[in-house]
Amino acid sequence: MEMNYDENKLHQLEEELHVEIVPGTEIMADVGTHHFVKSSGNSQRVLVPQPSDDPNDPLNWSTFWKFSTLTCATAATFVQGMGPLALAPMFPQLIEAFDSNLNAVVQFSGIAILVLGFSNFIWVPLSTSFGRRPVYLASLLICFCSAIWRAKAKSYASFMGACVLNGIGAGPAETIQPNVIADVMFLHERGAYQTLYFAFYFGSIVVGPIIAGPMAEYAGSSDTGWRNFWWLNVGLYGAAFLLCLFGFPETKWHRLHPDEIRRLESEIAMKSSAEKIASQTTEGSGTEKIKAPGHSTVANLITAQKDPWLGKGGPSKEQFKFFQANAHPFQSILLDLWIPWKLFAFPIVEFASFVVSWSASCFLTDNLLQSQAFAAPPYRYSPLKIGFFNFAILIGAIIGLVTAGPLSDWISMKLTKRNNGVREPEMRLLTMIPYFIIMLIGNFVTAFGWENHASWKVIVIVGWACTGIQVTALPAIASTYAIDSYKPVAGSIFVSITVNKNLWGYGFSKFINTWVETSGYVPPIMTNMSLTALWCLSGIVFWFYGKKFRAWSKNSSLHYM
């Protein structure tokens with residue numbers, strides 16, 4: 001629940017609606033005498049979470065500041081995601097430059113993937129303790145240095161060291177933006193923006209090879225062309241850093257829980273000085289008000305129908321500091337180190353982790369095998385042409401972007417209206433059906449196309465485009481479902497998802513090329529597709545029993561973080 005109901009109000013709502021309200025269940029319409037802040041004066045759509053009456057609350061920010069914040073976060077995600085998996089078209093040049101072999105240079109990608117996942121055990125606790133802004137700025141600086149190192153590397157070991165540093169720096173691309181979306185956007189908007197995030201993240205992984213292939217072949221000699229790609233990354237990282245420095249204010253904002261409200265109200269009642277009480281009283285309202293930077297006010301959490309700052313607020317100077325003060329940083333960091341492991345015991349988080357992991361693995365298969373398949377007979381295509389083939393995945397990702405998020409939000413809203421204004425996170429799961437079918441088509445066409453040396457047009461235009469559509473849509477729907485269920489730990493959810501995804505990706509990169517050499521393309525790709533299908537089909541279980549799973553953890557401390 002993101003509405004911060006106290007127990008009395010919760011019971012009243014349950015009795016009037018004849019429904020159990022557990023974490024993730026949200027009331028999207030007024031109930032009897034209970035009125036909530038709406039999206040506009042003429043709308044009946046209740047805003048979840050309810051914004052505070054503070055102009056600096058990110059939920060109250062103007063369209064300009066929300067656009068600026070999400071643009072900066074998306075730019076950081078894009079440039080950080082572009083480098084680690086851009087190597088596939090450059091494998092021939094890297095083999096020559098470092099006197100190596102295919103399996104060895106594939107590990108440049110594999111190691112980066114592995115480090116990416118585990119680096120978020122550093123970045124997410126830091127973002128929780130000190131804010132999203134310092135994490136973006138620090139990580140972009142690290143990526144900036146890693147790109148210079150990659151461009152100058154003279155040996156295999158040196159380039160591998162740069163890959164490790166790049167993996168550390170690029171970690172926030174996989175975890176921080178979903179937190180930012182939850183910070184500044186309301187529940188009914190998150191599906192579209194979560195899809196935007198996945199489109200740009202996976203889009204960056206697609207664009208990387210598109211740019212790297214031509215640069216490796218034409219932007220200099222065989223030894224300088226691929227290096228110039230990393231000098232391009234240096235410029236992109238620098239530009240993204242400046243963009244975040246001036247355009248990304250802090251979005252982390254603490255919203256008081258009912259227990260905190262009662263405690264603060266009790267403190268107010270115990271104050272003996274009438275003058276002090278008068279100075280903290282809103283003129284003419286008789287409602288006490290305690291404020292602190294980044295905190296909702298007690299007054300606002302009493303049911304309100306209007307928010308005077310909705311769509312008119314903006315960040316304060318405090319929110320442009322390099323980090324936010326934390327009274328207990330080490331305690332917060334230690335807690336965040338533990339929570340991702342704890343979340344593996346939550347069925348909904350496990351479901352999201354496996355769907356995201358194996359959907360992404362369908363894309364990783366095309367990425368890791370493209371040079372091995374298309375550079376060999378009978379195709380014998382150049383790195384330039386192989387790089388350009390990735391446009392099909394990019395176009396697919398764009399199709400997923402413009403369809404999955406809006407469709408997910410639209411279906412959820414329709415089902416909410418049918419359910420008397422009560423919204424359940426499971427309502428998003430129906431949206432997975434068309435993209436599940438597209439995932440099957442993409443894998444079948446790619447596997448049997450490569451195996452039977454079909455025309456590149458069939459493999460790329462049909463197979464890879466379907467891969468691009470599903471890799472944007474399925475992860476967005478599954479991860480948004482998990483965030484809707486456990487919003488207070490959105491960052492930790494993505495650590496769990498990323499560790500799961502990148503461990504499998506690293507393992508897959510270790511044996512996929514050798515497996516293809518010995519068994520052909522069908523067995524590995526069909527095995528991966530079958531696992532993806534298994535996790536997606538488990539969504540049927542969550543459609544029927546997801547609310548029961550959420551009820552199991554309704555008293556968990558996760559909901560009070």
Side-chain angles (χ1 to χ4, degrees), residues 85 88 194-210 354-374 379 381 385-408 429-479 501 505 508 512 516 521-537 539:
L85 288 178
Q194 194 75 357
T195 308
L196 174 74
Y197 158 67
F198 275 108
F200 272 87
Y201 174 64
F202 285 114
S204 70
I205 299 174
V206 174
V207 169
I210 291 174
F354 283 116
V355 170
V356 174
S357 298
W358 267 265
S359 175
S361 188
C362 293
F363 164 75
L364 183 64
T365 301
D366 293 349
N367 182 278
L368 294 178
L369 294 178
Q370 57 185 253
S371 284
Q372 185 173 354
F374 282 132
Y379 301 106
Y381 293 138
K385 194 164 188 177
I386 295 172
F388 282 164
F389 283 164
N390 286 275
F391 271 116
I393 301 178
L394 180 62
I395 292 169
I398 294 171
I399 295 172
L401 167 63
V402 299
T403 59
L407 181 62
S408 172
L429 296 178
L430 280 181
T431 321
M432 293 179 65
I433 295 173
Y435 300 105
F436 171 75
I437 296 170
I438 289 171
M439 180 275 297
L440 297 178
I441 294 171
N443 280 277
F444 269 107
V445 170
T446 302
F448 288 95
W450 273 339
E451 188 71 23
N452 297 299
H453 306 302
S455 167
W456 71 266
K457 296 177 183 178
V458 175
I459 298 170
V460 173
I461 295 175
V462 179
W464 286 19
C466 287
T467 297
I469 295 171
Q470 67 86 30
V471 82
T472 303
L474 292 176
I477 297 164
S479 62
K501 172 173 69 70
F508 207 49
I512 181 65
V516 166
Y521 292 96
V522 172
I525 295 178
M526 288 295 99
T527 299
N528 191 71
M529 185 203 72
S530 299
L531 289 169
T532 310
L534 173 64
W535 311 129
C536 289
L537 288 172

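Between Ile393 atom CD1 and Cys466 atom SG the span is 11.0 Å, to the nearest 0.5 Å. Interatomic distance, Thr446 OG1 to Leu369 CG, rounded to the nearest 0.5 Å: 10.0 Å. Here the OH atom belonging to Tyr197 is positioned 8.0 Å from the OG atom belonging to Ser479, to the nearest 0.5 angstrom. Between Thr532 atom OG1 and Asn443 atom CG the span is 6.5 Å, to the nearest 0.5 Å. To the nearest 0.5 Å, atoms OH (Tyr435) and OG (Ser359) are separated by 12.0 Å.
Proximity of a side-chain donor or acceptor of Ser408 to a complementary backbone N or O of Ala404 within less than 3.5 Å is not detected. Remark: the backbone N or O of Pro523 is paired with a side-chain donor or acceptor of Thr527 at under 3.5 angstrom. Put simply, the side chain of Thr467 never gets that close to the backbone of Phe363: no donor and acceptor are under 3.5 Å apart. Judged by distance alone, with hydrogens and angles left aside, the side-chain atoms of Gln194 form no donor-acceptor pair with the main-chain N or O of Gly405 at under 3.5 Å. A distance-only check finds a donor-acceptor pair linking the side chain of Ser204 to the backbone of Tyr201 [under 3.5 Å].
Taking the side chain as every heavy atom from C-beta outward, Phe354 and Leu531 never approach each other to under 4.5 Å. Two residues are said to be in side-chain contact when any heavy atoms from C-beta on lie closer than 4.5 Å; His453 and Tyr379 meet this criterion. Trp358 places none of its side-chain heavy atoms less than 4.5 Å from the side chain of Met529. For the pair Gln372 and Tyr521, the minimum side-chain heavy-atom distance is below 4.5 Å. Under the 4.5 Å side-chain criterion, counting only non-hydrogen atoms from C-beta, Lys385 is not in contact with Phe374.
Considering every non-hydrogen atom in both Val445 and Val462, the closest pair reads CG2-CG1, 3.9 Å. The nearest pair of heavy atoms linking Ile459 to Ala454 is CD1-O, 3.8 Å. Contact between Asn452 and Phe448 at its shortest, heavy atoms only, is ND2-O, 2.8 Å. Of all non-hydrogen atoms in Val522 and Ala447, the two that sit nearest each other are CG2-O, 4.0 Å.
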ring-ring contact (aromatic ring centres under 6.0 Å, His included) between Phe389 and Trp456, intermediate numbers included = CA-CA 9 Å; Phe389 283 164; Trp456 71 266; 4.9 Å; yes

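Applying the side chain to side chain contact (heavy atoms under 4.5 Å, CB included) test between Asn528 and each of Ile512, Thr365, Leu364 identifies Thr365 as the sole match.
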